[in-house]
Amino acid sequence: MDITTNTVFIAGGTSGLGLGLARRLREAGSTVIIGGRRADRLKTLAEENPGLGTVEIDVTDDASVARARDQVLAQYPDLSAVITMSGIMIAEDLRDPGHFRITRDTVETNLLGTVRVVDAFTPYLLGRGAGTIMTVTSGIAYVPFPLTPAYGITKAGIHSYTESLRAQLAGTGVEVVELIPPLVATELMGPGQLEDPNAMPLQDFVEESVGLMAQQPTPREITVERVKAQRHAVADGTYDQILTRLSGALAAFGH
Ligand SMILES: NC(=O)c1ccc[n+]([C@@H]2O[C@H](COP(=O)([O-])OP(=O)(O)OC[C@H]3O[C@@H](n4cnc5c(N)ncnc54)[C@H](OP(=O)(O)O)[C@@H]3O)[C@@H](O)[C@H]2O)c1
C-alpha cells in the first residue's frame, strides 16, 4: 500500500500499536485519523499532533460506529484505508464460570467490533473502487495463549473472517490485509507488559511492519520476523512445543 499518500482511519489508535502506526504513517506522508473511547486522550493527542484527526468511537456500539464513520467521511472524503485495531486482552480462569463476562466483552470488542467497523466502511470503499481494509489478529490466532482463552477465540475468528472478506472483495479494488503482531511492549494487558523482556519494543514492531505494508503489492499478511514461528507452527511441526511453552503462564492461576 502507498504509505505516503493514503488517508487512514485507525479504530483503536489512542495508544499502543495503533498510535505507534499512526505516528509512523504520518511521518511517511499519510493523513491519519485515530479513534477510541477516551475523549480526553483524543483531545490531548490532537493538541500534541497538529493535523492528526480524531474521532470518538466505541466499537461495541452500532450507533457510535455509524456516527464515527459519518464524521470521518464528512471530514476526509478521500479516506483510503481502515485499520481495525481496537482490542482488549484479559486473563480468564475457565474453572470459574464467572469468566463468561470476560468472554462476552472480548468477543463484543475484538471480534464483533472488527466486523462492525468493516461493515460501516465497506460500502464506501467499494464505491471508491480502491482502498485497504487491515484487520488485526495476533500470533495467538495460530497457537492459543491458554491464559486468555476468549482473546484467542477472537483472534482466530478474525483470521478466518479476514480470509472470507478477502475472497468476497476480490476484484473490487479493495485489498484486505491481516496484521499479525507478536507480543509487543504495550499496556494491552496492563503496565507490566511494558517491562516484559519477551515483548518486542513498540518502535521496532512499527518500523518492521510499516516496511512490509509499503511493499507492492501489499502482502496479504503483515508478519514480522518475531511472529513467524507462531504463525507457521502447524506447518513447521512446532505447535505442541509452542503451546506447552505458552501454557507456562497458567502458573498465574496456580495450575
Ligand atoms: N501488544 C501486543 O502484544 C499485541 C499482540 C498481538 C496483537 N495485538 C493487538 O493489537 C491491537 C492494539 O493493542 P495494543 O497492544 O496497542 O493495546 P492498547 O494500547 O491497550 O490499545 C488498545 C486500543 O483499543 C482501543 N479500544 C479498546 N476497546 C475499545 C472499544 N470498545 N471501542 C473502541 N476502541 C477500543 C483502545 O482505545 P480506547 O481505550 O481509547 O477506547 C486502544 O486504542 C489489539 O487488537 C491487540 O489485540 C497486540
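In this text the structure is predicted, and so the values were computed from the model without any measurement. Just so you know, ligand 1 is whichever comes first in the structure, and atom 1 is the first atom listed for that ligand.
Residue G139 places no heavy atom under 4.0 Å from ligand 1. Residue T137 places a heavy atom less than 4.0 Å from ligand 1. Between K155 and ligand 1 there is a heavy-atom distance shorter than 4.0 Å. Using 4.0 Å as the threshold, Q193 has a heavy atom nearer than that to some atom of ligand 1.
Considering every non-hydrogen atom in both T186 and L17, the closest pair reads CG2-CD2, 3.7 Å. Minimum interatomic distance between Q230 and I140 (heavy atoms only, all atoms of both residues): NE2-N, 3.4 Å. Between V184 and L202 the shortest heavy-atom distance is CG1-CA, 3.7 Å. In terms of heavy atoms, P144 sits closest to Y239 at CD-OH, 3.3 Å.
With respect to the salt-bridge test (charged N to carboxylate O, under 4.0 angstrom), the residues E108 and R116 qualify. Classification of R23 and E27 as a salt-bridged pair fails, no side-chain N sitting under 4.0 Å from a carboxylate O.
When heavy-atom distances to ligand 1 are checked against a 4.0 Å cut-off, A11 has no atom that comes that close, whether in backbone or side chain. With a heavy-atom cut-off of 4.0 Å, M89 does not touch ligand 1 at all.
Geometrically, ligand 1 and S138 share no nitrogen or oxygen pair separated by less than 3.5 Å. For ligand 1, one of its N or O atoms has an N or O atom of V184 under 3.5 Å away. Close N/O approach between V59 and ligand 1 is found [any backbone or side-chain N/O within under 3.5 Å]. Where the criterion is an N or O separation shorter than 3.5 Å, residue side chain and backbone included, T60 fails it with respect to ligand 1.
Residue T7 holds its OG1 atom at 11.0 Å from CG of L25, rounded to the nearest 0.5 Å. One distance of note links CZ of R69 with CG of D119; it measures 10.0 Å at 0.5 Å rounding. A distance of 10.5 Å separates CD1 of I57 from CG of L42, quoted to the nearest 0.5 Å.
The Y151 neighbourhood of ligand 1 comprises atoms 6 (C), 7 (C), 8 (N), 9 (C), 46 (C), 47 (O), with distances under 4.0 Å to a heavy atom of that residue. Atoms of ligand 1 lying under 4.0 Å from at least one heavy atom of L183, given by number and element, are 3 (O). The contact set between ligand 1 and G13, taken as ligand atoms under 4.0 Å from a residue heavy atom, comprises 43 (O). Near G36, with a cut-off below 4.0 Å to any heavy atom, the atoms of ligand 1 are 40 (O), 41 (O). For ligand 1, the atoms sitting less than 4.0 Å from at least one non-hydrogen atom of M85 are 10 (O), 11 (C), 12 (C), 44 (C), 45 (O), numbered in the order shown with element in parentheses. Counting the atoms of ligand 1 from 1 in the order shown, those under 4.0 Å from a heavy atom of I57 are 32 (N), 33 (C). Shown in contact with G16 at under 4.0 Å from a heavy atom are these atoms of ligand 1, numbered in order with element: 16 (O), 19 (O).
Looking from atom 13 (O) of ligand 1 to the surrounding protein, the closest heavy atom is L188 CD1, 3.8 Å. Residue, atom and distance of the protein heavy atom nearest to atom 15 (O) of ligand 1 are T186 OG1, 2.6 Å. The nearest protein atom to atom 18 (P) of ligand 1, hydrogens excluded, is given as S15 OG, 3.5 Å; this is a heavy-atom distance. The nearest heavy-atom contact from the protein to atom 29 (C) of ligand 1 is R37 NE, 3.4 Å. The closest protein non-hydrogen atom to atom 34 (N) of ligand 1 is S86 OG, 3.0 Å. Counting only heavy atoms of the protein, atom 31 (N) of ligand 1 lies nearest to D58 OD1, 3.0 Å. Among protein heavy atoms, atom 5 (C) of ligand 1 sits closest to P182 O, 3.0 Å.
A distance-only check finds a donor-acceptor pair linking the side chain of S30 to the backbone of I3 [under 3.5 Å]. Judged by distance alone, the side chain of E208 and the main-chain N or O of E225 form a donor-acceptor pair under 3.5 Å. At distances below 3.5 Å, at least one donor-acceptor pair connects side-chain atoms of E92 with backbone N or O atoms of A150. With hydrogens and angles ignored, the 3.5 Å screen pairs a side-chain donor or acceptor of R166 with a backbone N or O of R220.
Which of G113, G87, G12 comes nearest to atom 22 (C) of ligand 1 through a heavy atom is settled by distance: it is G87. The residue from V136, T109, T14, L17 that puts a heavy atom closest to atom 36 (C) of ligand 1 is T14.
S86 pairs in a side-chain contact (heavy atoms from CB on, under 4.5 Å) with only one of the listed residues (V136, V59, N110, V117), which is V59.
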Handout entry: Evaluation steps, side chain to side chain donor-acceptor pair (under 3.5 Å), between T14 and R41
Key = CA-CA 7 Å; T14 48; R41 195 156 165 72; 4.9 Å; no
